[in-house]
Amino acid sequence: MAVVTLRDGSSREYPQPVTPLQVAEDLSRRLAKETIVAKVNGVLWDINRVMPEEAELELLDFDNPQARDIYRHSTAHLMAQAVQELYPDVKLAIGPAIEDGFYYDFDLGEPLTPDDLEKIQRRMEELVKEDLEIQRQVLSREEAIKLFSEMGENYKVELIEDLPEDAEISCYRQGDFLDLCAGPHVGSTGRIRVFQLTSVAGAYWRGDEHNIMLQRVYGTSFVKQSQLEEHLRMLEEAKKRDHRKLGRELDLFSLNEAGPGLPFYHPKGVIIWNELLKLWREEHAIDGYMEIRTPQILNQRLWEQSGHWDNYAENMYFTEVDDNNFALKPMNCPGAMLWYLTQHRSYRDLPLRSAELGLVHRHEASGVLHGLMRVRAFTQDDAHIFMLPSQIEEEISGVIDLVDRLYKVFGLDYRLEISTKPEKSMGSEEQWETATQALISVLENKGVDYKINPGDGAFYGPKIDFHVQDCLKRSWQCATIQLDFQMPERFDLTYIGEDGQKHRPVMVHRVAYGAIDRFLGILIEHFAGSFPVWLAPVQVKLLPIADRHHQYCKEVAASLVKAGIRVEVDSRNEKIGYKIRQAQGEKVPYMLVVGDKEVEAGKAALRTRSQGDLGQVDLPQFQERLLEEIKTRQLN
RNA sequence: GCCGAUGUGGCUCAACGGUAGAGCAGCUGAUUUGUAAUCAGCAGGUUGUCGGUUCGAUUCCGACCGUCGGCUCCA
């Protein structure tokens with residue numbers, strides 16, 4: 001006798017234990033068809049796995065994120081099965097579900113081509129038609145290791161060996177295909193409906209570049225064809241937002257072979273850049289920061305002292321002048337240290353917040369360069385805060401608030417991560433522990449969500465990172481707050497305490513935008529090039545209908561320019577439709593169309609990029625409204 | 001850096017073993033125009049670079065450089 005309690009509280013009785021699928025079939029055909037996975041007594045459960053005699057059952061379909069991941073994970077298995085049949089010598093690595101899809105890593109000794117993907121996709125389709133049952137099987141550790149060793153699946157053996165002692169080791173079988181997997185999975189291959197393999201790429205085993213490179217095949221799957229089409233449409237839309245495309249179209253910046261990863265900013269890009277800095281300086285002044293500037297290159301000895309020579313040299317550019325070795329700065333901190341040392345500091349001076357818009361150069365691997373998001377020269381909106389140990393929490397909290405204030409201006413969402421001690425690092429375990437706990441405690445006290453990112457800290461200390469997503473949902477680190485007990489030590493920074501004795505200050509490195517370059521890239525995508533008026537390189541474009549309106553347009557433009565508004569006049573010999581089309585393409589927020597009627601009335605016909613023709617407006621009124629919109633930095 | 005793909009005028013793309021073509025942009029002229037493309041003409045490329053194969057290469061091969069998608073790393 002088995003009792004199954006459903007989500008709505010009702011219960012059903014069966015003469016013997018049943019599977020979730022049997023219950024679903026009992027309830028409705030449609031439910032049986034749409035259910036991907038079950039939750040039995042709160043645990044994810046294969047729909048074809050017999051439930052305990054007393055079970056609380058929940059049936060999950062594709063709309064449920066967990067079920068969706070399972071569906072895609074099953075698609076990854078399906079792909080692995082197809083690959084194994086087509087390439088019998090393949091060794092399987094891992095194949096998880098990811099945001100929007102899945103991948104599977106294969107060791108096949110030879111690279112896959114896009115043509116191979118089609119072949120694999122076709123084989124997958126056949127396997128779906130065969131509707132092979134996917135069965136769970138539990139093994140002992142010894143059995144599992146023996147089984148996968150015999151199969152020659154050394155990556156799987158390695159995975160099993162790394163599983164915790166008490167882990168239940170399970171496999172899933174579909175036809176002749178067997179894979180190590182915690183599961184659960186969809187009940188049979190026939191339940192996987194719409195899928196598409198999207199790309200191949202090399203990926204290192206366990207993400208470590210010292211390991212062998214595997215072939216990673218990416219794909220995605222859905223239950224309805226329309227969902228796949230919608231997904232592909234979204235990708236197309238995202239491409240239109242790509243900051244590299246918009247950066248060229250809007251003439252904001254360019255990249256050149258002459259300097260890979262070294263961006264050139266065009267006049268319109270610099271306008272946005274400067275507006276960002278204007279806001280930045282306003283907000284930093286409010287928070288009591290002082291701005292400094294330190295040199296672009298400094299003696300190599302300084303970098304030895306700071307620890308960069310030992311920990312960061314591979315990313316640095318060096319140069320030799322008059323038998324002295326210099327390094328182009330990859331970070332601004334040593335400069336800030338030297339500034340701190342120019343005076344005796346008192347505890348009364350602390351916290352001391354020194355900000356620097358520093359251009360830093362880092363030799364990043366060629367393969368990682370990406371538009372403005374990942375470059376080799378970038379300007380950090382850096383700051384170094386020197387403080388008493390007792391001020392740590394308050395200062396970090398202040399930075400978090402400042403970043404939040406700034407990001408709100410743009411309507412940007414972000415995610416917080418705490419990164420802990422990396423392999424290559426300075427300082428004792430205790431220092432790292434204290435510093436990391438301090439960061440955690442600030443976030444806990446503020447009640448904000450965060451994720452721990454183990455081993456991803458800077459070499460001198462743990463950090464809180466602010467991550468923002470680009471249009472393709474790739475996440476980029478923007479702001480970061482890094483606690484540092486090392487640098488003050490290395491540079492022997494001191495302050496005179498209340499007791500008249502020398503003490504060691506604590507330091508925080510932090511950036512708010514992060515790199516102005518990357519932040520600009522993020523903003524281009526965030527706004528899809530349609531910047532809010534305060535950021536728009538051209539705020540108003542005057543469009544005369546005919547030559548006889550040019551003079552009037554020039555006068556209107558002059559008056560707007562005088563008020564500090566960025567204006568262009570399109571006095572080309574073209575029809576109004578053409579000029580509008582062009583201005584819309586440039587994403588100019590306001591267009592003023594001027595013809596006979598407007599000249600006569602002393603007005604202009606207003607058109608906005610988002611709402612179209614709004615009819616005639618009174619110019620002084622328009623100017624006033626515009627100035628207010630700019631001053632308050634209104635979002636679109 | 002590694003794996004794969006890719007590289008033709010400012011941009012988007014075509015052609016192909018017999019020394020390149022279109023649209024847009026640009027320039028000139030005509031047109032003086034009312035809310036997303038007026039017409040005509042002109043000009044613009046040693047087909048990323050360097051080698052090799054070939055009677056001949058932009059086309060085939062190799063190396064390098066850049067770019068794109070990943071891996072990894074970080075702002």
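Numbers restart at 1 for each chain; the letters A, B, ... are given by sequence-line order, proteins then strands. Quick note: numbers below take in every heavy atom, side chains included, and nothing from hydrogens, waters or symmetry partners.
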- Quick one: the side chain of A:Arg206 and the base of B:rC71, do they pair up donor-acceptor inside 3.5 Å? no
- Item | A:Ser199 vs B:rG69: side-chain N/O to OP1/OP2 distance below 4.0 Å | no
With respect to the phosphate group of B:rA75, does any side-chain polar atom (N or O) of A:Gln380 fall under 4.0 Å of OP1 or OP2?
no
* Taking 4.0 angstrom as the limit, do A:Glu158 and A:Arg206 come out as a salt bridge? -> yes
Classify A:Glu574 by what it touches in the nucleic acid, base, sugar-phosphate, or nothing, heavy-atom distance under 4.0 Å. base
Q. Just checking A:Ala203: base, sugar-phosphate only, or nothing, at a heavy-atom cut-off of under 4.0 Å?
A. sugar-phosphate
### Message
Looking at A:Arg405 and A:Asp401, is there a salt bridge between them, counting it only when a charged N and a carboxylate O are closer than 4.0 Å?
### Response
no
What nucleic acid atoms does A:Ala605 come within less than 4.0 Å of, heavy atoms only: base, sugar-phosphate, or nothing? base
- Message: So that I can tick it off, tell me whether A:Glu153 and A:Lys91 are bridged by a salt bridge, with the cut-off set at under 4.0 angstrom between side-chain N and carboxylate O.
- Response: no
Among the nucleotides B:rG34, B:rC11, B:rG1, whichever has the atom closest to the side chain of A:Arg248 is B:rC11
Paired with A:His509, the ring-ring contact (aromatic ring centres under 6.0 Å, His included) test is passed by just one of A:Phe459, A:Tyr460, A:Phe485, namely A:Tyr460
Taking Watson-Crick and G-U wobble contacts under 3.5 angstrom, with | marking pairs to another strand and [ ] crossing pairs, the secondary structure of RNA chain B is written (((((((..((((....[..)))).(((((.......))))).....(((((..]....))))))))))))....
- Message: Would you say A:Arg607 places a side-chain N or O within less than 4.0 Å of OP1 or OP2 belonging to B:rG34?
- Response: no
Legend entry - pi-stack flag for A:Trp476 and B:rA75, centroid dist under 5.5 Å, interplanar under 30°: no
Practice problem: State whether a side-chain donor-acceptor pair under 3.5 Å links A:His549 with A:Asp596. | Solution: yes
(Q) Between the base of B:rG34 and the side chain of A:Glu598, is there a donor and acceptor pair under 3.5 angstrom? (A) yes
Out of B:rC3, B:rU35, B:rA36, minimum distance to the side chain of A:Pro111 belongs to B:rC3
Value for CD (A:Gln84) from CG (A:Asp89), rounded to nearest 0.5 Å, stands at 10.5 Å
Out of B:rC74, B:rG70, B:rG66, minimum distance to the side chain of A:Arg518 belongs to B:rC74
Rounded to the nearest 0.5 angstrom, the NE2-OG distance for A:His384 and A:Ser354 is 6.5 Å
- Task: Could you tell me whether the phosphate oxygens of B:rA25, OP1 or OP2, come under 4.0 Å of any side-chain nitrogen or oxygen in A:Tyr578?
- Result: yes
Quiz prompt | A:Glu586/A:Lys541 ion pair, N-O < 4.0 Å | solution = yes
Taking B:rA36, B:rG34, B:rG1 as options, the one with an atom nearest any side-chain atom of A:Val368 is B:rG1
- Query: Within less than 4.0 Å of OP1 or OP2 of B:rG70, is there a side-chain N or O belonging to A:Arg474?
  - Reply: yes
Expected list for residues 406-416 of chain A near RNA chain B, using heavy atoms below 4.0 Å, is none
Of the candidates B:rU35, B:rA75, B:rG1, the side chain of A:Ser366 sits closest to B:rG1
The ring-ring contact (aromatic ring centres under 6.0 Å, His included) partners of A:Phe195 (sequence neighbours excluded) come to none
**Prompt:** Is A:Tyr204 side chain donor-acceptor paired with the B:rG1 base, going by distance under 3.5 Å alone?
**Reply:** yes
*Phosphate oxygens OP1/OP2 of B:rU32: is one of them under 4.0 Å from a side-chain N or O of A:Arg572?*
no
Check your understanding: Are OP1 or OP2 of B:rU67 and a side-chain N or O of A:Arg244 less than 4.0 angstrom apart?
Key -> no
| message | Between A:Glu417 and A:Lys451 (salt bridge meaning N to carboxylate O under 4.0 Å), is one present in this structure? | response | yes
### Message
On the nucleotide B:rG69, are OP1 or OP2 found under 4.0 Å from the side-chain N or O atoms that A:His370 carries?
### Response
yes
- Query: Under 4.0 Å between a side-chain N/O of A:Lys579 and OP1 or OP2 of B:rG34, yes or no?
  - Reply: no
Review point. Quick one: is B:rG70 close enough that its OP1 or OP2 comes under 4.0 Å of any side-chain N or O from A:Gln215?
Key: no
Notebook entry, point to check: Is it true that the side chains of A:Ser221 and A:Gln196 contain a donor and an acceptor less than 3.5 Å apart?
Noted result: no
